[in-house]
Structure formats: C-alpha cells, structure tokens
Amino acid sequence: MIYTCTITPSIDYTTYLPKFKTGKLNRTNDVHYYPGGKGINVSRVLSRLGTPNQALGFAGGFTGHYIEEFLQTEGVATDFIQTEEITRINVKIKSDEETELNGPGPALNEGQLSELAEKVRAMEKGDWFVLAGSLPDSIPISYFMELADICRNREIRFVLDTSGPALKELVKAKPFLIKPNEHELGELFDIEISGKQQALSYASKLIESGLGHVIVSMGGEGALLVTKDEAVSAKAPKGQVVNTVGSGDSLVSGFIASYANGFDAIKAFRYGVACGSATAFRSDLCEKQDAEALLSQVVLHPINKEDVTS
Ligand SMILES: Nc1ncnc2c1ncn2[C@@H]1O[C@H](COP(=O)(O)OP(=O)(O)OP(=O)(O)O)[C@@H](O)[C@H]1O
Ligand SMILES: O=P(O)(O)OC[C@@]1(O)O[C@H](CO)[C@@H](O)[C@@H]1O
C-alpha cells in the first residue's frame, strides 16, 4: 500500500484575476476550494492514475471536515488524526504572476504524534510512506527521524518532499526518493542553484551520501533524475500554464504510480514529468488522460557533469 502523510494540509483557496494589485481592493473572477497540502495532492493524483493509496495526516475543524469529505467523494481513502485546531486555508492568487499565502501548520500534542507513529509501525515491507509538505517547527526533527527509522527497519520505501531545515536533517535518513525544486536543493547546501549543470552536481552529492533517487524539478524547464547508476534530464512539454500549484506533487505521484507498477526509474520519471506538466496546464490536478496525452512530448537526455550546459 502507498501511504501519503500530510502534517499540514490546507484548503487551497484558488482565485483568478487579470491583474493583482497589492494594497488595493481586488475583485476576482473565479474561485476554487481544492483540498491541498503536498501529501494530499500526491494521493489525489495517485487515485486519478488508478493507484490505490491512503492519505494520512492531521485535520481539524470545518476545513478539515471539508477536506476529508472532498477526498472521500473523489474516492481517495483517508485516515486523518483529528486536531482541535482548524486546518489552514492557503490562498493562491493566479494573475499575471502566481502569489501564494500559506498558513502555519497545526500545534500537535504527544498523543497525536504517537498515533501517527503507530500507523507507520503498522505498515508492512514493500509499502510506501510519502511524507510531503511543510513540517511545523514545533515538532522536533527527531520525531520524523524516528518515522524514517521505522521505514528503514521495515523495508518501507520512504519518500520525502519537504523544505527548509527539516529537509536538511531528514536527507540523512537516506530516503528512497526526494524531489526538491531548484530552490529547495539550494537550501540543502546553503547556495543558490541555477541551471541543470549545478543541480546535477548537487543532486549527485546526495546520491553519493546514500539516497536512492533524487528528482530536481525546475518548473517549465523540466526536471532531472539522478540515481546511483544514471542521470537524465527531461524537458517539460510546452503548453498554456493555468495553475502550477501541485505540479511538483503530481510529478512525485506519476513517478510512484509508474514505479510501483513495475516500470524502471527512468520510465517512471518520464511519466512523472508528464503528470507535473499536465497539472500545470489546468486549474485542478491532472487526470490520467491529460498526462498520457503529454507523454510523447517529454524528451529525455542522458546527462553527465561535462555535457550539461544550463
Ligand atoms: N510552466 C510549466 N510548463 C510546463 N511544465 C511545468 C511548468 N511548471 C511546472 N511544470 C511541470 O511540473 C514539474 C514540477 O514543477 P515545479 O518544479 O514547479 O515543482 P514544485 O516547485 O515542487 O511545485 P509545487 O510545490 O507547487 O508542487 C516540472 O518538472 C514540470 O514537469
Ligand atoms: O506550506 P507547505 O506545506 O510547504 O505547502 C503547501 C502547499 O503550497 O503545497 C501544495 C502544492 O505543492 C499546495 O496544495 C499547498 O497549499
């Protein structure tokens, strides 16, 4: 079974307007209330790809209730731990630029944290545990290290998609897969990454330290996959960008769905990139047919440190 875990879910209040002006009253055209948070997005896309999974994490209040109901209506299995706090609402303003306002995560008590750890302990060899999204500062990183240790001891594939200090610490647990974007990869090394050449060399350092797969996503430029044996670059398909929120999560879903169905890492990566772009080209997350229609446009190139130019 594939389990996703979103410690800080959200409702993504997504609204469109031609020109967003800060400090002014802006009236918007179109409004959507999507269940969000990175692990939840991974679950939604996995389900759309026909891959069974369960969404774990924490949710509470009327917003938490909305998220659970929405997911269940879509056929996504959920097993959230209830919080007293209301789950956050993140604001996504789609205008000539994309502006995001993400709220903080919930304060969680020891009981709630041990409940999640119990769920991870109950997972079995061959399962996947996808920990995605921001991790509140109030929870010690040692707690997540413990979850990663459980995964290692039980041969559960640990996938990590987070950012900041938590990412820096948790890469030491040598996840099966991480998917930083360029900025997040840079944060890991306290530098600014720009271009595929530099991304490749830093992703390679992570692989040398023992990680299984590193996918560096680079928005409209595509992505890189680096493993112990190979490195490939993918160009993203071209299209009309509508909403890129969740495109990184869709990449992760496409990779996992394909790999879990027996495809090798390169094919899984290609499928993931198609899913990421298919999401960028619509308001909500991609559907299977959108991704498959783009697959032939995802061109892969093997790369090495010498021949990548930018
Ligand atoms: N403008 C774009 N055009 C085509 N494809 C895109 C575009 N933006 C994103 N994508 C696709 O989505 C993938 C992931 O995008 P990106 O690097 O923006 O992820 P991210 O920063 O993790 O996003 P998020 O956190 O919102 O999920 C890219 O590798 C690419 O395949
Ligand atoms: O604040 P975090 O947890 O870093 O990111 C949360 C978030 O921006 O990520 C998803 C897109 O990847 C959105 O659904 C959600 O609002």
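Read the numbers this way: they start at 1 and go in the same order the structure lists the ligands and their atoms. On a predicted model such as this, the values are computed, not experimentally measured, just so you know. Side chains are part of it too, since the values below use all heavy atoms of this structure and drop only hydrogens, waters and symmetry mates.
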Under 4.0 Å, heavy-atom basis, I'd like to know which part of Ala236 is in contact with ligand 1: side chain, backbone, both or neither. side chain
Closest to atom 4 (C) of ligand 1 by heavy-atom distance, out of Ala234, Pro180, Pro237, is Pro237
Residues Tyr34 and Ser283: side-chain donor-acceptor under 3.5 angstrom: yes
I'd like to know whether Arg121 forms a salt bridge (Lys or Arg N to Asp or Glu O under 4.0 Å) with Glu118, so could you lay out the CA-CA distance, the side-chain angles of the two residues, the decisive distance to 0.1 Å, and finally the verdict. CA-CA 5 Å; Arg121 272 192 204 98; Glu118 274 317 303; 2.7 Å; yes
Nearest protein heavy-atom contact for atom 2 (P) of ligand 2: which residue, which atom, what distance? Ser134 OG, 3.4 Å
Please work out whether the ring planes of Phe189 and Tyr202 are parallel, tilted or perpendicular, with thresholds of 30° and 60°. tilted
Glu98 side chain to Thr244 side chain, donor-acceptor N/O pair below 3.5 angstrom: yes
Heavy-atom distances under 4.0 Å decide this one: backbone, side chain, both or neither, for Val241 against ligand 1? side chain
Quick check on contacts: which atoms of ligand 2 are under 4.0 angstrom from a heavy atom of Thr8? 3 (O)
Please round to the nearest 0.5 Å and tell me the distance separating atom CG of Leu188 and atom NZ of Lys205. 12.5 Å
Can you confirm whether Asn26 is buried at CG, in the sense that more than 12 heavy atoms of other residues, nucleotides or ligands lie under 6.0 Å from that atom? yes
Of all the non-hydrogen atoms in the protein, which one sits nearest to atom 5 (O) of ligand 2, and at what distance? Asn102 ND2, 3.4 Å
Just verifying a value: how many Å separate Asn109 CG and Glu115 CD, rounded to the nearest 0.5 Å? 9.0 Å
Option set Gly133, Gly222, Gly248, Gly246, criterion heavy-atom distance to atom 26 (O) of ligand 1, minimum: Gly246
Verify the ring-centre separation between His32 and Tyr13: is it less than 6.0 angstrom? no
Considering only heavy atoms, does Lys238 approach ligand 1 within less than 4.0 Å through its side chain, its backbone, both, or neither? neither
Which atoms from ligand 1 have a heavy atom of Ser277 less than 4.0 Å away? 4 (C), 5 (N), 6 (C), 11 (C), 12 (O), 30 (C), 31 (O)
Hydrogens and angles aside, do Ser95 and Lys19 bring a side-chain donor and acceptor to less than 3.5 Å of each other? no
Do Thr63 and Arg88 have side-chain N/O donor and acceptor atoms under 3.5 Å apart? no
Applying a strict 4.0 Å limit to heavy atoms, is Lys38 in contact with ligand 1? yes
Test of understanding: clusters of I, L, V, M, F, W, Y form through side-chain heavy atoms closer than 4.5 Å, transitively. Do Ile178 and Leu185 belong to the same one? yes
Could you tell me whether Arg44 approaches ligand 2 through its side chain, its backbone, both or neither, with non-hydrogen atoms closer than 4.0 Å? neither
So if I count the atoms of ligand 1 from 1 in the order they appear, which ones are less than 4.0 Å from some heavy atom of Val245? 26 (O)
Taking 4.0 Å as the limit for heavy-atom contacts, which would you say applies to Leu251 with ligand 1: side chain only, backbone only, both, or neither? side chain
Do any heavy atoms of Glu184 fall under 4.0 Å from ligand 2? no
Give the residue, atom name and distance (to 0.1 Å) of the protein heavy atom nearest atom 15 (O) of ligand 1. Ser247 OG, 3.4 Å
Has ligand 2 got any nitrogen or oxygen that is less than 3.5 angstrom from a nitrogen or oxygen of Ser163? no
Among all protein heavy atoms in this structure, tell me which lies nearest to atom 30 (C) of ligand 1, with the distance rounded to 0.1 Å. Gly219 O, 3.3 Å
Nearest 0.5 Å please: distance from the OG1 atom of Thr279 over to the CZ atom of Arg44. 9.5 Å
Which ligand 1 atoms, with their elements, are less than 4.0 angstrom from a heavy-atom of Asn181? 21 (O)
Within 4.0 Å of some non-hydrogen atom of Gly133, the atoms of ligand 2 are 3 (O)
Can you check salt bridge (Lys or Arg N to Asp or Glu O under 4.0 Å) on Asp290 and Arg282, steps first, answer last? CA-CA 9 Å; Asp290 307 325; Arg282 67 199 301 272; 3.3 Å; yes
May I ask whether Gly248 places a heavy atom under 4.0 Å from ligand 2? no
Ligand-side contact atoms (ligand 2) for residue partner Asp249, heavy atom cut-off under 4.0 Å: 10 (C), 11 (C), 12 (O)
For Glu100, atoms of ligand 2 separated by under 4.0 Å from a heavy atom: 8 (O)
The atoms of ligand 2 lying under 4.0 Å from a heavy atom of Asn90, numbered in the order shown, are 6 (C), 15 (C), 16 (O)
How far is atom 10 (C) of ligand 2 from the closest protein heavy atom, and which atom is that? Asn41 ND2, 3.5 Å
the protein heavy atom lying closest to atom 3 (N) of ligand 1 turns out to be Gly220 CA, 3.6 Å
So the atoms of ligand 2 within less than 4.0 Å of a heavy atom of Gly36 turn out to be 14 (O)
Lys179 and ligand 1 - part of the residue with a heavy-atom distance under 4.0 Å: side chain
Going by atom types alone, do Gln82 and Glu68 pair a side-chain donor with an acceptor below 3.5 Å? yes
Name the closest protein heavy atom to atom 14 (O) of ligand 2, giving the residue it belongs to and the distance to 0.1 Å. Asp12 OD2, 2.5 Å
Which one holds for Ser250 and ligand 1: side chain close, backbone close, both close, or neither close, with close meaning a heavy atom under 4.0 Å? neither
Hey, could you give me the CD/CD distance between Glu287 and Glu292, rounded to the nearest 0.5 Å? 11.5 Å
Is the closest side-chain donor-acceptor distance between Asn243 and Thr14 under 3.5 Å? no
Under 4.0 Å from any heavy atom of Ser10, which atoms of ligand 2 are there? 15 (C), 16 (O)
Suppose we measure from atom 9 (O) of ligand 2 to each protein heavy atom; which comes out shortest, and what is that distance? Lys38 NZ, 3.2 Å
Is the ring centre of Tyr259 less than 6.0 Å from the ring centre of Phe176? yes
